[in-house]
Q: 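Take a look at this one; I'll ask things after.
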Amino acid sequence: MNIILLGPPGAGKGTQARKLVEDRDMIQLSTGDMLREARTSGTEMGQIVAEVMDSGKLVTDEIVIGLIREKLEGDKKGGFIFDGFPRTLAQADALEELLAEMDETLDAVIELRVQDEALVARIVGRSTCGNCGEVYHDLTKPIPADGKCTVCGGTEFKRRADDNEESLKTRLMEYYKQTSPLLGYYHVKGALRSVDGLADMRDVEAAIAEVLDA
Ligand code: ADP
Ligand code: ZN
């Protein structure tokens with residue numbers, strides 16, 4: 001089973017992907033995570049990627065398609081979850097070709113629907129555990145008073161450089177201009193399933209499970 005999680009920044013794609021990895025032994029392919037890794041590499045490419053990401057703009061199709069292609073060669077386990085990819089129609093076409101080459105299918109595209117006002121609140125204030133990636137939020141799920149991650153006990157927490165109001169505006173604009181046309185594209189293909197991303201986290205999980213088990 002291979003699926004895409006689609007939705008604006010802050011819709012909860014990463015959180016839901018982590019859950020699916022845990023429950024269904026799927027493989028999360030997050031281009032955002034891959035790019036954040038690439039930027040720490042110290043290469044010239046990493047430098048360019050860092051600047052683009054911090055501004056909130058999209059990295060070139062060529063770079064992200066290359067990253068995805070590499071990962072598809074590995075073990076498939078319970079299937080792939082594409083998280084933050086594709087983000088442009090060119091990426092969607094490339095994914096279709098890559099899957100066809102591997103004799104794999106795309107089983108569902110799950111849209112996490114959330115209004116803009118909620119996204120700003122969710123993103124500004126967000127941090128993650130530097131060790132296990134658990135997501136925290138200053139208002140809704142603060143880092144415990146003892147400074148230890150509830151999942152792994154880690155004591156280092158990270159904030160993303162692009163999780164500020166200015167970059168977020170650009171990220172949202174990029175989403176509406178470049179990524180939201182994919183909703184129409186996958187709708188016509190008959191693959192689109194929409195879920196209320198503002199519901200309680202457990203309810204979102206249940207709604208996704210319903211799609212996957214249908
Ligand atoms: P978000 O929470 O904004 O969805 P991600 O972690 O998925 O964040 O991505 C962070 C940044 O990485 C994006 O703003 C963009 O610069 C870059 N990026 C991630 N995935 C892609 C992609 N598929 N195509 C182009 N750029 C990407
Ligand atoms: Zn942790």
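Keep in mind that the numbers below use all heavy atoms, side chains included, and drop hydrogens, waters and symmetry copies. Atoms within each ligand, like the ligands themselves, are counted from 1 in listed order.
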Q: Under 4.5 Å between any side-chain heavy atoms of I27 and F82, yes or no?
A: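 The answer is no, as the side chains (C-beta and beyond) never meet within the 4.5 Å cut-off.
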Q: Please say whether Q91 places an N or O atom under 3.5 Å from an N or O atom belonging to ligand 1.
A: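 Yes.
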Q: Compute the shortest N/O to N/O distance between G84 and ligand 1 and return yes if it is under 3.5 Å, no if not.
A: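 By distance alone, the answer is yes.
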Q: To which protein heavy atom is atom 14 (O) of ligand 1 closest, and what is the distance rounded to 0.1 Å?
A: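 Checked against all protein heavy atoms, atom 14 (O) of ligand 1 sits closest to R171 CG, 3.8 Å.
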Q: May I ask you to list the protein N, O or S atoms found at less than 2.8 Å from the Zn ion (ligand 2)?
A: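 Per the 2.8 Å query on the Zn ion (ligand 2), atoms found are C129 SG, C132 SG, C149 SG, C152 SG.
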Q: Any N or O of V59 that comes nearer than 3.5 Å to an N or O of ligand 1?
A: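 By distance alone, the answer is yes.
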Q: Classify the contact between M53 and ligand 1 as side chain, backbone, both or neither, using a heavy-atom distance cut-off of under 4.0 Å.
A: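 Contact part for M53 vs ligand 1: both backbone and side chain.
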Q: Among protein heavy atoms, which lies nearest atom 10 (C) of ligand 1, and at what distance?
A: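 The closest heavy atom on the protein side is R160 NH2, 3.5 Å.
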Q: Please list, chain by chain and in numerical order, all residues satisfying side-chain hydrogen bond (donor to acceptor under 3.5 Å, both in side chains) with D213, sequence neighbours excluded.
A: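 If we apply the side-chain hydrogen bond (donor to acceptor under 3.5 Å, both in side chains) test to D213, skipping adjacent residues, the hits are R24.
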Q: side-chain hydrogen bond (donor to acceptor under 3.5 Å, both in side chains) with S167: which residues, sequence neighbours excluded?
A: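 By the side-chain hydrogen bond (donor to acceptor under 3.5 Å, both in side chains) rule, S167 matches N164.
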Q: Starting from atom 22 (C) of ligand 1, what is the nearest protein heavy atom, named by residue and atom, and what distance separates them?
A: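 For this ligand atom, the closest protein heavy atom is R87 CD, 3.4 Å.
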Q: In the protein, which heavy atom is nearest to atom 6 (O) of ligand 1, and how far is it?
A: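 Sorting protein heavy atoms by distance from atom 6 (O) of ligand 1 puts R36 NH2, 2.8 Å first.
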Q: Number the atoms of ligand 1 from 1 as they appear, then name those within less than 4.0 Å of a heavy atom of L58, with their elements.
A: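 This gives 25 (C), 26 (N) as the contact atoms.
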Q: Kindly indicate whether a cation-pi arrangement holds for K76 with F80, taking the cut-offs as under 6.0 Å to the six-membered ring centre and within 45° of the axis.
A: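 Not satisfied by the 6.0 Å and 45° rule.
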Q: Stepwise, does the salt bridge (charged side-chain N to carboxylate O under 4.0 Å, His left out) test hold for R160 with D162?
A: CA-CA 5 Å; R160 278 169 48 172; D162 60 347; 2.9 Å; yes
Q: Starting from atom 18 (N) of ligand 1, what is the nearest protein heavy atom, named by residue and atom, and what distance separates them?
A: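 Here the closest protein heavy atom is L35 CD1, 3.3 Å.
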Q: Enter the distance from K158:NZ to T128:OG1 here, rounded to the nearest 0.5 Å.
A: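 One gets 5.0 Å once the value is rounded to the nearest 0.5 Å.
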Q: Give a yes or no on this: more than 12 heavy atoms of other residues, nucleotides or ligands lie within 6.0 Å of atom CE of M102.
A: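 Enclosed: over 12 neighbouring heavy atoms sit under 6.0 Å from CE of M102.
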Q: Would you compute the distance between atom OG1 of T88 and atom CG of L182 and round it to the nearest 0.5 angstrom?
A: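 Rounded to the nearest 0.5 Å, the OG1-CG separation comes out at 7.0 Å.
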Q: Hey, what else clusters with I143 if you join Ile, Leu, Val, Met, Phe, Trp, Tyr whenever side-chain heavy atoms sit under 4.5 Å?
A: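 I143 shares its hydrophobic cluster with Y136, F157.
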Q: Tell me: protein heavy atom nearest atom 20 (N) of ligand 1, and distance?
A: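 Here the nearest protein heavy atom works out to T31 OG1, 2.7 Å.
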Q: In the single-linkage hydrophobic clustering (I, L, V, M, F, W, Y; side-chain heavy atoms under 4.5 Å), do V211 and I4 co-cluster?
A: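 They do not share one cluster, since no chain of ILVMFWY contacts under 4.5 Å joins V211 to I4.
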Q: How about NZ on K57, more than 12 heavy atoms from neighbouring residues, nucleotides or ligands closer than 6.0 Å, or not?
A: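 Check fails, neighbour count at 12 or below.
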Q: Please state which part of R126 comes within less than 4.0 Å of ligand 1, counting heavy atoms only: side chain, backbone, both or neither.
A: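 Side chain only.
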Q: Around atom 16 (O) of ligand 1, find the nearest protein heavy atom and jot down its residue, atom name and distance.
A: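 Going by distance alone, atom 16 (O) of ligand 1 is nearest to K57 O, 2.5 Å.
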Q: Mind checking whether M53 and I123 sit in one hydrophobic cluster, side chains of I, L, V, M, F, W, Y counted as touching below 4.5 Å?
A: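 Yes: a chain of side-chain contacts under 4.5 Å links M53 to I123.
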